Structures are given as structure tokens and as C-alpha cells.
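A short write-up of the structure that comes next.
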Amino acid sequence: MSKKVLILSASPRKNSNSEMLARAFAAGAEASGNEVELISLRGKDLRFCQGCFACQRTGKCVIADDMLWIVPKMEQADVLVFATPIYYYEMSGQMKTLLDRGNPLFVADYRFRDIYFLSSAAEDEEEVPLRAQSGLEGWIACFPKARLAGCVFGGGVTECGEMKNRPDRLEAARAMGASV
């Protein structure tokens, strides 16, 4: 059965390494017959959450920015995929802002069940993505019907496009997308 897959790329850089993982995931998911949309947060107007919790009453954020059209796409997706570079052993600020601004989903009848995490970093040690992954798991814990279904980390890359030198990681992302 075809699923609606939404991939959110949180890198501020064009042709970034984490976005290369996102595109590989997308290719795998599309090849398996799923409907895939990849949204890059680069250049989007995403403001910080104000903590007013109006969205808990209305289901909609009071801030008029690009999250007004991103949140409904998140709500209607069967699968969410987050792709981020690791900065200072954490997710990018863009991804954290996205998660915080996803607060209207808390009171929504969201469809997503499986959530995937793709990350890249200059460092290559196994523990490098764990803090960022833990942050995402904290967000997922607020959505009892959802689970972290898989992660791919591509370390040892700094300059844009270096992920091409990690075909094993690109293949892992593609294969994970194909398994959706």
C-alpha cells in the first residue's frame, strides 16, 4: 500500500550532505511506489515558538510564516523523515525550530506513525548523532501513535557534496526509504 512520505531537510546549505541522504531516502521510497515530498527549510520563514499555546486551543499557530503550510503537510503524512546536519553534537537550529513549531500537531488527529532520522557530521564516531536523535525521540514521545522507525548517520563529511564519498550511507538511506 502506497504511503504519503514527507521529508523535511533542515540544512541551511544547498546540496548539503544531510540533504543528499534525504534525496537518497526519497529515491528509495519513490521506487517502492510511495508518494514522496521533500521540503527544504533553507530559505523558509520559520520563526521561533512564542510559547503562547494558542495552538493547543485552535489547532493553528498564531505566527504567520511558512509553518502555516508545513504543519498540515506533516499532519497528513503517513511517514515523516527529518534530515539534519549535526552541529555541536546536536540537530540544526532549523530542525529544533521546526519541531517546536510542530506544536499544533499535539492536538491534531495526525496520520504519521513511522518517523525516520537522517544526519550527517564532520565527525564520524558512532555516538555523534545520539544527542540529536535523543532530541527527536523527545518530540516523538509526545505523539503516542508514532515511533522512531530508523536512523542513518553519515559521518566524516564537511564540505557540501562529500556524502558522494560515502556510498554506503547513501545506499543505507535509499534502502531505508525503499522499506517504508
Side-chain angles (χ1 to χ4, degrees), residues 3 5-32 34 36-44 46 48-49 66-67 70 73-74 77-102 112-143 146-180:
K3 293 182 181 176
V5 178
L6 179 63
I7 303 171
L8 298 152
S9 175
S11 178
R13 301 190 308 170
K14 188 174 182 178
N15 298 317
S16 72
N17 294 303
S18 59
E19 196 161 291
M20 289 178 75
L21 291 172
R23 285 194 298 262
F25 189 103
E30 285 175 342
S32 293
N34 296 293
V36 178
E37 181 175 6
L38 192 155
I39 297 173
S40 171
L41 300 182
R42 183 181 54 260
K44 301 294 185 287
L46 298 179
F48 298 121
C49 177
D66 286 322
M67 285 303 289
I70 294 173
K73 288 179 178 285
M74 292 172 72
D78 299 304
V79 175
L80 293 177
V81 182
F82 296 97
T84 185
I86 301 293
Y87 295 146
Y88 298 102
Y89 298 91
E90 251 301 351
M91 68 182 74
S92 69
Q94 290 84 344
M95 182 170 158
K96 177 60 173 137
T97 298
L98 173 78
L99 295 178
D100 288 349
R101 291 292 305 289
F112 56 88
R113 299 298 181 262
D114 290 340
I115 297 175
Y116 294 88
F117 180 59
L118 310 171
S119 61
S120 65
E123 297 82 12
D124 198 19
E125 293 77 25
E126 192 175 299
E127 67 276 1
V128 170
L130 296 182
R131 289 184 185 125
Q133 181 180 323
S134 177
L136 177 58
E137 287 172 323
W139 186 82
I140 294 169
C142 297
F143 299 95
R147 69 183 181 107
L148 182 62
C151 302
V152 173
F153 171 62
V157 294
T158 304
E159 298 302 320
C160 286
E162 276 189 289
M163 191 61 71
K164 70 181 178 296
N165 300 327
R166 295 295 314 267
D168 60 319
R169 301 291 74 209
L170 291 169
E171 176 53 27
R174 190 210 58 75
M176 189 174 286
S179 72
V180 164

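Source: prediction; values computed, not measured.
Between A24 and L170 the shortest heavy-atom distance is CB-O, 3.5 Å. A121 and V128 get closest at one heavy-atom pair: CB-CG1, 3.8 Å. The two residues S120 and F153 have their closest heavy-atom pair at C-CE1, 4.1 Å. Smallest separation of non-hydrogen atoms from A132 and I86: CB-CD1, 3.6 Å. The minimum heavy-atom distance between Q133 and L148, with the atom names listed, is NE2-CD2, 3.8 Å. The shortest heavy-atom contact between S32 and A178 is OG-O, 2.8 Å.
The side chain to side chain contact (heavy atoms under 4.5 Å, CB included) with L8 is formed by just one residue from the set M74, Q94, E37; it is M74. Under the side chain to side chain contact (heavy atoms under 4.5 Å, CB included) rule, C49 has a single partner from D100, L99, T97, which is D100.
Counted within 6.0 Å of CD on E126, heavy atoms from surrounding residues, nucleotides or ligands total 12 or fewer; the atom is thus considered open.
Checking side-chain atoms of R166 against main-chain N and O of G155 turns up a donor-acceptor pair under 3.5 Å. Within the 3.5 Å criterion, the main-chain N or O of E159 finds a donor-acceptor partner in the side chain of N17. E162 places a side-chain N or O within 3.5 Å of a backbone atom of T158 that can act as its donor or acceptor partner. Side-chain atoms of D66 do not come within 3.5 Å of backbone N or O of L46 as any donor-acceptor pair. Using a distance-only test at 3.5 Å, with no hydrogens or angles considered, a donor-acceptor pair links the side chain of T84 to the main chain of S92.
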For a side chain to side chain contact (heavy atoms under 4.5 Å, CB included) check, start with the C-alpha distance between M95 and F117, then their side-chain angles and the critical distance, and finish with the verdict. CA-CA 11 Å; M95 182 170 158; F117 180 59; 3.8 Å; yes
Practice item. Please step through side chain to side chain contact (heavy atoms under 4.5 Å, CB included) for the pair L41 and I70, ending with a clear verdict. Key: CA-CA 10 Å; L41 300 182; I70 294 173; 4.1 Å; yes
*asked:* side chain to side chain contact (heavy atoms under 4.5 Å, CB included), that's the test. Do I39 and K44 meet it? Break it down for me.
replied: CA-CA 10 Å; I39 297 173; K44 301 294 185 287; 4.3 Å; yes
### Task
Please lay out, stage by stage, how F82 and L98 fare under the test side chain to side chain contact (heavy atoms under 4.5 Å, CB included).
CA-CA 10 Å; F82 296 97; L98 173 78; 3.6 Å; yes
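Taking OG of S40 as the start and CZ of R13 as the end, the distance is 12.5 Å to the nearest 0.5 Å. Here the straight-line distance linking atom NZ of K164 with atom SG of C160 works out to 10.0 Å at 0.5 Å rounding. A distance of 11.0 Å separates CG in L21 from OG in S11, rounded to the nearest 0.5 Å. Atoms CG and CD1, on L118 and I7 in that order, are 7.5 Å from each other to the nearest 0.5 Å. Between the CZ atom in R174 and the OG atom in S179 there is a gap of 9.5 Å [rounded to 0.5 Å].
Taking 4.5 Å as the limit, every side-chain heavy atom of N165 sits out of range of all side-chain heavy atoms of V157. In this structure, the side chains of V180 and F25 come closer than 4.5 Å at one or more pairs of heavy atoms. For the pair R147/D114, a side-chain contact is recorded, criterion being any heavy-atom separation below 4.5 Å from C-beta on. Using a 4.5 Å cut-off on side-chain heavy atoms (C-beta onward), N15 and R23 make contact.
Taking 4.0 Å as the cut-off between side-chain N and carboxylate O, R42 and E19 count as a salt-bridged pair.
Ring pair W139/F112 is parallel by interplanar angle, where below 30° counts as parallel and above 60° as perpendicular.
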